[in-house]
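Read through the structure below, which is laid out as structure tokens, and then see the notes.
All values below come from the heavy atoms of this structure, side chains included, with hydrogens, waters and symmetry mates left out. All values reported here derive from a predicted model rather than from experimental measurement.
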Amino acid sequence: MKFSFPCLLIAVFSTAYAAETISSARALAEQIHESERRPFDLRARVDCIVANGVWPYHFLSVADESGAAFVSYTHSADAPIPDCGDIVHIQGAFETSADNPTPVACVKELEIIGHQPPVKPIDVSLRDVNRGLYDWKPVRIRGLIRDAVLSETIPGWAILSICDDGDIMRIHVPLAHTNYADLNRLVGMIVEVEGFPNPRNGSARIFAGCDFHCPGLSAMRIVDEGPKDVFDAPSARTLLHKSPAQIATFGRVRIEGAVVCTWGKNRGLVRTKDIGCVQVEFAESNLPRQHDRIEVTGFPQSDLFHILLSRVHWRRLETTAPDNSKVIATNAEGILFDANGSPSAKPQYHGRRIRIAGRVRSLPDKALHQGIMLLEDGDSVFSVDFSADQPTVPNLRIGCLVSLTGTCVINAEYWRPGLLVPQIKNFSVVVSDAKDIDILEYPPWWTKQRLLLLVAALLAGSVAILVWNVLLRKASLRKGRELMREQLGHVKAELKTEERTRLAVELHDSLAQNLTGVSLEIDTAAKIADEDPAAMKKHLGSAARCLKSCRDELRNCLWDLRNRALETQTMEEAIRQTLAPHVANIKVTIRFHVPRERISDSTAHAILRIIRELTLNAIRHGQSTQIRIAGRVDGGQLLFSVQDNGCGFDPDEAPGFAAGHYGLMGIQERVDEYEGEFKIHSSPGKGTKATVSLSVPQEVEYGQSRKL
């Protein structure tokens with residue numbers, strides 16, 4: 001028979017998958033010890049079911065021919081819920097959570113494929129269960145219920161404590177169909193409980209060891225309700241010379257004695273003749289009075305020194321006289337240390353009346369109704385409890401040195417598995433009357449706390465002042481920016497007005513005058529046209545030259561509107577930008593050493609117009625090829641000149657307004673506005689030099705000056 005390659009490949013993968021998948025209950029139980037978590041797929045019988053009442057999941061004890069195992073099954077609304085005896089096909093994997101790193105076998109798919117009669121639980125002892133002989137198997141245990149509490153980590157569950165023949169076990173019971181009050185009534189009774197042991201605790205108590213899962217109250221049967229009278233119990237003398245582990249397995253025991261003191265909500269000390277002082281935790285809210293002689297019954301445990309009874313019921317026998325025993329004057333070191341300062345606790349102080357002093361470190365919290373304060377004596381701190389009667393001590397405050405009389409209660413660890421020798425940690429003093437507390441010394445007014453408060457107040461004030469200054473600074477900066485913007489707006493408006501005024505003046509003084517001259521020349525030419533044609537032509541020529549001057553002046557005004565020379569930082573650069581359109585092939589040398597900040601924009605504009613007019617005259621009329629421009633400040637005078645290498649002329653015979661030439665006259669008018677002086681030095685063939693002198697303000701203090 002031949003096999004194709006695909007069939008062989010499928011066979012290999014199927015074999016590998018079967019090897020990696022858990023297929024038996026025994027392998028499923030052992031998988032928790034493996035580092036690699038494998039999925040499971042098996043058929044098994046359901047032996048026991050524990051249904052949770054809060055979340056939709058069930059704990060199942062399943063078994064096959066190989067053994068038993070434990071799985072968790074979360075079901076949906078349409079998923080099947082198995083019953084004891086059902087044969088199921090389950091598939092799933094191991095899962096962990098952040099709260100519990102212990103892997104739990106979680107069923108993802110469940111199918112009911114058959115049914116068998118349920119397996120009946122067998123009777124076993126607690127000792128065999130603790131030895132792990134019946135893990136995950138349906139069993140029945142028997143013992144005395146010593147305690148019942150609600151689980152503080154898993155809502156909807158209760159935990160019972162059952163003991164028998166020196167062994168103890170916890171029983172986990174879901175409250176889905178069970179009332180906690182009914183479970184609580186089982187305390188003190190001998191019961192039979194059906195369920196299955198689970199050594200792999202799936203709750204947050206991962207180090208609790210083996211637990212017993214019980215489906216509910218229906219799986220419990222009361223074997224012995226115990227005596228009808230709770231006080232029908234053996235004497236606590238039977239506990240003498242027993243180990244703490246043995247004491248923890250006893251049922252109720254009985255004592256008789258006088259109430260030494262009570263404190264808190266349910267605690268007290270009872271002095272007996274047989275076993276000394278016994279600390280009790282009352283099950284009822286009403287507490288006996290001090291000095292009452294009472295009969296007590298409860299469940300015992302020990303700290304190697306004393307007996308503690310829990311779930312205590314009591315009844316008053318008689319009221320005795322107050323305890324007039326001797327009060328022992330001592331201190332914290334005398335109770336916890338020896339004469340050499342070595343730790344040496346004195347358990348014999350337990351239940352004795354002592355007189356002790358200390359400084360108050362904390363006061364009772366009245367809001368929480370906690371009558372406990374802390375006293376400091378040397379290096380030791382102990383608590384003072386007067387919560388039973390809530391006495392009020394007037395003027396008591398932190399730091400007071402007080403002396404008090406009360407009952408000493410030695411606080412020791414109670415025995416637990418693994419604790420070989422419980423240790424005495426500290427002690428408390430129970431005070432029942434405010435008269436037993438005397439204030440010896442009040443704390444000084446100037447304390448560390450007040451000093452810290454003062455420093456904190458000063459720091460807070462400094463921070464407030466700093467914040468206020470920062471806010472004021474921000475407000476002033478904001479206001480300054482607003483004022484600056486307003487001033488800039490005013491300056492811009494003034495500059496616009498000044499520029500418009502300057503332009504209007506220039507148009508009026510130059511262009512308007514020139515146009516008036518043109519009009520007069522034309523009128524004159526018209527009048528003498530018939531009489532003297534030669535004179536008419538002369539007047540028309542003057543009008544033409546005047547129109548040309550108007551055109552040049554208008555061009556210069558338009559150029560000035562677009563020119564940004566006044567925005568430059570130096571006058572030399574402003575002069576270069578102003579002359580650039582007119583001196584393309586002319587060599588111009590500029591040495592104008594006048595600080596720009598010494599002159600205003602209007603003065604600078606006038607200087608630029610004068611230099612441009614002199615330069616254009618040198619080019620047009622003097623045919624100059626080189627022009628030198630120089631300027632400086634001499635005291636209160638601004639001196640500048642324009643010199644060329646042109647043909648020169650006779651200043652006395654220079655054409656003027658009558659001949660249609662208005663340039664020199666315009667320069668003279670600008671200079672006159674600034675109370676200056678304008679001179680021309682020239683002769684035919686020797687070039688021309690024009691000098692201008694303007695008055696400027698003197699330098700003032702700190703290097704500042706007023707602009708002209």
Side-chain angles (χ1 to χ4, degrees), residues 484 487-488 491-492 494-503 505-506 553 555-619 624-645 663 666-667 670-671 673-680 687-708:
M484 183 180 68
Q487 292 178 357
L488 287 177
V491 170
K492 289 181 180 178
E494 291 177 357
L495 290 176
K496 290 180 180 178
T497 302
E498 182 180 351
E499 183 66 18
R500 291 171 181 171
T501 302
R502 180 186 61 79
L503 183 61
V505 170
E506 289 184 357
E553 186 66 24
R555 184 188 301 114
N556 291 334
C557 289
L558 294 176
W559 169 256
D560 291 340
L561 290 175
R562 297 192 301 269
N563 188 16
R564 306 180 68 87
L566 294 179
E567 298 178 5
T568 58
Q569 296 182 354
T570 63
M571 283 299 296
E572 289 187 1
E573 182 63 26
I575 294 171
R576 292 184 189 278
Q577 290 189 13
T578 302
L579 299 181
H582 310 287
V583 293
N585 299 320
I586 306 300
K587 181 179 179 181
V588 179
T589 303
I590 303 174
R591 293 181 180 178
F592 207 91
H593 302 298
V594 178
R596 178 64 178 84
E597 59 272 11
R598 291 284 307 269
I599 54 179
S600 65
D601 288 348
S602 59
T603 304
H605 182 266
I607 294 172
L608 294 177
R609 291 296 299 270
I610 292 173
I611 292 176
R612 180 174 60 188
E613 185 65 30
L614 293 173
T615 302
L616 291 177
N617 286 340
I619 296 173
S624 302
T625 58
Q626 293 182 359
I627 298 175
R628 293 193 299 273
I629 302 172
R632 62 185 177 87
V633 175
D634 186 6
Q637 296 293 319
L638 189 154
L639 306 175
F640 66 93
S641 63
V642 178
Q643 185 175 359
D644 61 67
N645 62 349
I667 293 173
R670 292 182 187 277
V671 172
E673 290 179 3
Y674 291 92
E675 299 178 356
E677 185 178 357
F678 174 47
K679 294 180 180 180
I680 296 178
T688 303
K689 180 179 181 180
T691 61
V692 178
S693 175
L694 303 177
S695 297
V696 295
Q698 296 283 346
E699 291 282 344
V700 296
E701 293 185 71
Y702 308 111
Q704 300 294 326
S705 64
R706 180 174 57 86
K707 291 184 179 181
L708 179 63

What distance separates Ile610 CD1 from Ile667 CD1, expressed to the nearest 0.5 Å? 6.5 Å
One pair to check against side chain to side chain contact (heavy atoms under 4.5 Å, CB included): Ile607 and Phe640. What are the steps and the verdict? CA-CA 9 Å; Ile607 294 172; Phe640 66 93; 4.2 Å; yes
Which residues pass the side-chain hydrogen bond (donor to acceptor under 3.5 Å, both in side chains) test with Thr625, not counting sequence neighbours? Asn645
For Arg632, all residues meeting salt bridge (Lys or Arg N to Asp or Glu O under 4.0 Å), sequence neighbours excluded: Asp634
Measuring from atom CZ of Arg591 to atom CD1 of Ile575, what distance do you get when rounded to the nearest 0.5 angstrom? 13.5 Å
Sub-3.5 Å donor-acceptor pair from the side chain of Glu572 to the main-chain atoms of Phe592, do we have one? yes
From Asn617 atom CG to Ile680 atom CD1, the distance as rounded to the nearest 0.5 Å: 8.0 Å
Where do His582 and Arg612 come nearest, in terms of heavy atoms and distance? NE2-CD, 3.8 Å
List the atom of Val594, the atom of Gly631, and the distance in Å for their closest heavy-atom pair. CG2-C, 3.9 Å
Can you tell me how far NE2 of His593 sits from CG of Leu639, rounded to the nearest 0.5 angstrom? 13.0 Å
If the condition is side-chain hydrogen bond (donor to acceptor under 3.5 Å, both in side chains), which residues does Ser693 pass it with, not counting sequence neighbours? Gln637
For the OG1 atom of Thr589 and the CD1 atom of Ile629, what is their distance to the nearest 0.5 Å? 9.0 Å
Taking only residues two or more places apart in sequence or in another chain, which ones pass side chain to side chain contact (heavy atoms under 4.5 Å, CB included) with Val583? Leu579, Ile586, Val588, Thr615, Ile619
In chain order, what residues pass the salt bridge (Lys or Arg N to Asp or Glu O under 4.0 Å) check against Lys679, with sequence neighbours excluded? Glu677
Ignoring hydrogens, what is the shortest heavy-atom contact between Gly676 and Leu694? Give both atom names and the distance. CA-CD2, 4.2 Å
Under 3.5 Å donor-acceptor, Ser624 side chain and Ala618 backbone: yes
Audit row: Arg670, Val692, side chain to side chain contact (heavy atoms under 4.5 Å, CB included) steps and yes/no: CA-CA 11 Å; Arg670 292 182 187 277; Val692 178; over 6 Å; no
Spatial distance of atom CE (Met571) from atom CG (Leu638) [nearest 0.5 Å]: 8.0 Å
Sorted by chain and number, sequence neighbours left out, side chain to side chain contact (heavy atoms under 4.5 Å, CB included) with Ala606 holds for Tyr674
Taking all non-hydrogen atoms of both residues, which atom of Thr578 and which atom of Pro581 are closest, and how far apart? O-CD, 3.5 Å
